[in-house]
Amino acid sequence: MPSNSSVDVLFSNPFGSLSNMNPPSYAGNQKLFSITGTAFVNIATTGLITFTFWDFACSVKELGPKPKAATELIKMNGVPEAIIRHMQKGDEELATEIAWVVVYLTALSEMHSGLLIKAGLLPPLIGRLASSDQLSLLTPVLRSIGNLVAGDNQKTDAVLAAGQDIPGTVIGAMIKCLESEHRTLKKETAWALSNIAAGTLAHKQLIFSGGAVSPLLHLLVTATFDVRKEVAYVLGNLCVVTIEKTGESIPILEHLTELVDRGCLPGFINLVKSPDIEAAKMGLQFLELVMRALPNGLGPRLVETEDGIAAMELFQFHENEELRGMANGLVDKYFGESYGIEEE
């Protein structure tokens, strides 16, 4: 059975940085780096800039296992500044290619993210999030933001601060994407929000009070499975916080109570019933959190009302030993022989 200290770890979301490019091999790109690093800084023709950034993005992606080479590339004179300048002033086609460059660079290391932030990346990046309605641009913009907020809490603070001057702040701009008709945007946004929600108490409160809860709860019930899974990470992260001095993770009772009151339990119980092992584990741990944290024995009663016992009993003879142990342990602990005696 999960301990208190394991709850916050469970709700971390290792979604990772995906790629939609297939660049040439690294060996074939070695000469390109020396050209690209200087060429795109001063090119004036939009078509050429876009083509060059495509090459640059392919090159950076191919450098994933070679961080030293990528570091030399990003440190070339004028490269970060050119990325920021064209992100801010380029048309949407150019900004899209630049955003994919940013995706790859921010996925490489904290150092690469820090260099881009220092060069002024955040205002134009957040500006694109707020102003664009194009799936092709918003996808890499959200992925870049998700990479940045997956780092330390200071980078998350910087991202949130950069959006203070836009209507609705960064959270408001992300809500727009949650409510989009595009499944990809919903999934990317939920992933980025789950990384913010994995941060400090202030980060969790900002999401909770910023209007994101209603669309998240709606998606937990109505969206496709892959989106529901990402949304569950957000909601789970909103309900626990880690105490820095001790490393202990504790429930945020106010958030947990409101989410349960607003009907999140069926969504998590459906995850328990899913064949996806990761989703089922997340659902079980959320049920454990509810049954442990809600006062006066309310949690087990609510889980029983929503048919949660039957969902957990599906794992009684499951082939996955971890899930079988978790589910059986929860049933034994909260619905054993003594369950309900005090009420009679």
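Below, each value reflects all heavy atoms present in this structure, side chains not excepted, and no hydrogens, waters or symmetry copies.
- In E254, the CD atom is not crowded: 12 or fewer heavy atoms of neighbouring residues, nucleotides or ligands sit closer than 6.0 Å.
- Residues L148 and L121 are in side-chain contact: their nearest non-hydrogen atoms beyond the backbone lie under 4.5 Å apart.
- Side-chain atoms of I196 and M174, non-hydrogen and from C-beta on, do get closer than 4.5 Å to each other.
- Across every non-hydrogen atom of P300 and G297, the tightest pair is CD-O, 3.4 Å.
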Going by atom type alone, with no hydrogens or angles, which donor-acceptor pairs under 3.5 Å involve a side-chain atom of residues 153-167 and a protein atom two or more places apart or on another chain?
from, atom 1, to, atom 2, distance (Å)
K155, NZ, E110, OE1, 3.0
K155, NZ, D152, OD2, 3.3
T156, OG1, V149, O, 3.4
D157, OD1, H203, NE2, 2.6

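- The shortest distance between side-chain heavy atoms of I269 and K273 falls below 4.5 Å.
- When all heavy atoms of L138 and S132 are compared, the closest pair comes out as CD1-O, 3.6 Å.
- Residues V272 and M312 approach most closely at CG1-N, 4.5 Å, considering heavy atoms.
- One N or O on the side chain of N320 and one on the backbone of E322 form a donor-acceptor pair closer than 3.5 Å.
- Annotation: the span from I207 atom CD1 to I171 atom CD1 amounts to 5.0 Å, rounded to 0.5 Å.
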> Checking side chain to side chain contact (heavy atoms under 4.5 Å, CB included) for the pair F286/C239: CA distance, chi angles, key distance, verdict?
Replying inline: CA-CA 9 Å; F286 190 83; C239 294; 4.2 Å; yes
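- Looking only at distances, no side-chain donor or acceptor of K187 sits under 3.5 Å from a matching main-chain atom of T224.
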> Should L142 and C177 be marked as a side chain to side chain contact (heavy atoms under 4.5 Å, CB included) after you check the CA-CA gap, both sets of side-chain angles, and the distance that decides it?
Replying inline: CA-CA 9 Å; L142 284 164; C177 297; 4.0 Å; yes
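- In this structure, H112 NE2 and L115 CG are separated by 7.5 Å, a value rounded to the nearest 0.5 Å.
- Using modelled atom types, one side-chain atom of N195 and one backbone atom of G146 make a donor-acceptor pair closer than 3.5 Å.
- At least one donor-acceptor pair closer than 3.5 Å links the side chain of R228 to the backbone N or O of A223.
- With hydrogens and angles ignored, the 3.5 Å screen pairs no side-chain donor or acceptor of R128 with any backbone N or O of V141.
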Side-chain atoms of residues 255-263: list all donor-acceptor pairs with protein atoms under 3.5 Å, sequence neighbours left out, distances to 0.1 Å.
from, atom 1, to, atom 2, distance (Å)
H255, ND1, L238, O, 2.8
T257, OG1, L253, O, 2.7
E258, OE2, R262, NH1, 3.2
R262, NH2, S214, OG, 2.5

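- For the pair Y334/E304, no side-chain contact is recorded, criterion being any heavy-atom separation below 4.5 Å from C-beta on.
- The shortest distance between side-chain heavy atoms of T139 and R143 falls below 4.5 Å.
- The backbone N or O of V240 sits less than 3.5 Å from a side-chain atom of K204, completing a donor-acceptor pair.
- Rounding to the nearest 0.5 Å places CG of L201 at 11.0 Å from CD of E244.
- The distance from the CD atom of Q88 to the CG atom of L125 is 11.5 Å, given to the nearest 0.5 Å.
- In plain terms, the two heavy atoms of A190 and E230 that are nearest each other are CB-CB, 3.6 Å.
- Cluster membership for V234 and V221, using ILVMFWY side-chain heavy atoms within less than 4.5 angstrom, is not shared.
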>> Could you walk me through whether F315 and M326 satisfy the side chain to side chain contact (heavy atoms under 4.5 Å, CB included) test, starting with their C-alpha distance in whole Å, then the side-chain angles of each, then the deciding distance to 0.1 Å, before giving a yes or no?
In response: CA-CA 9 Å; F315 295 92; M326 288 174 62; over 6 Å; no
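- Nearest heavy atom pair, residue A232 against residue L220, reads CB-CD1, 4.2 Å.
- For the pair K229 and E278, the salt-bridge criterion is met [side-chain N within less than 4.0 Å of a carboxylate O].
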>> Apply side chain to side chain contact (heavy atoms under 4.5 Å, CB included) to residues L287 and L265 and explain how you reach the verdict.
In response: CA-CA 8 Å; L287 295 189; L265 266 180; 3.6 Å; yes
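- Using a 4.5 Å heavy-atom cutoff, the side chains of L289 and P251 are in contact.
- With rounding to the nearest 0.5 Å, the separation of CD1 in I175 from OG1 in T189 is 10.5 Å.
- Contact detail for I277 and L323: the closest heavy-atom pair is CD1-CD1, 3.7 Å.
- In summary, D226 and R183 engage in a salt bridge, as defined by a charged side-chain N under 4.0 Å from a carboxylate O.
- Listed by chain and number, the residues in a ring-ring contact (aromatic ring centres under 6.0 Å, His included) with H182 amount to none (sequence neighbours excluded).
- Of the N and O atoms on the side chains of S249 and T242, at least one donor lies less than 3.5 Å from an acceptor on the other residue.
- Inter-residue side-chain proximity for Y233 and L193 is flagged as unmet; no heavy-atom pair is nearer than 4.5 Å.
- For R324 (side chain) and H318 (main-chain N/O), a donor-acceptor pair under 3.5 Å exists by modelled atom type.
- Atom CG in N147 sits 11.0 Å away from atom CG in L116 (nearest 0.5 Å).
- Both L217 and F225 belong to a common hydrophobic cluster when Ile, Leu, Val, Met, Phe, Trp and Tyr are linked at side-chain heavy-atom distances under 4.5 angstrom.
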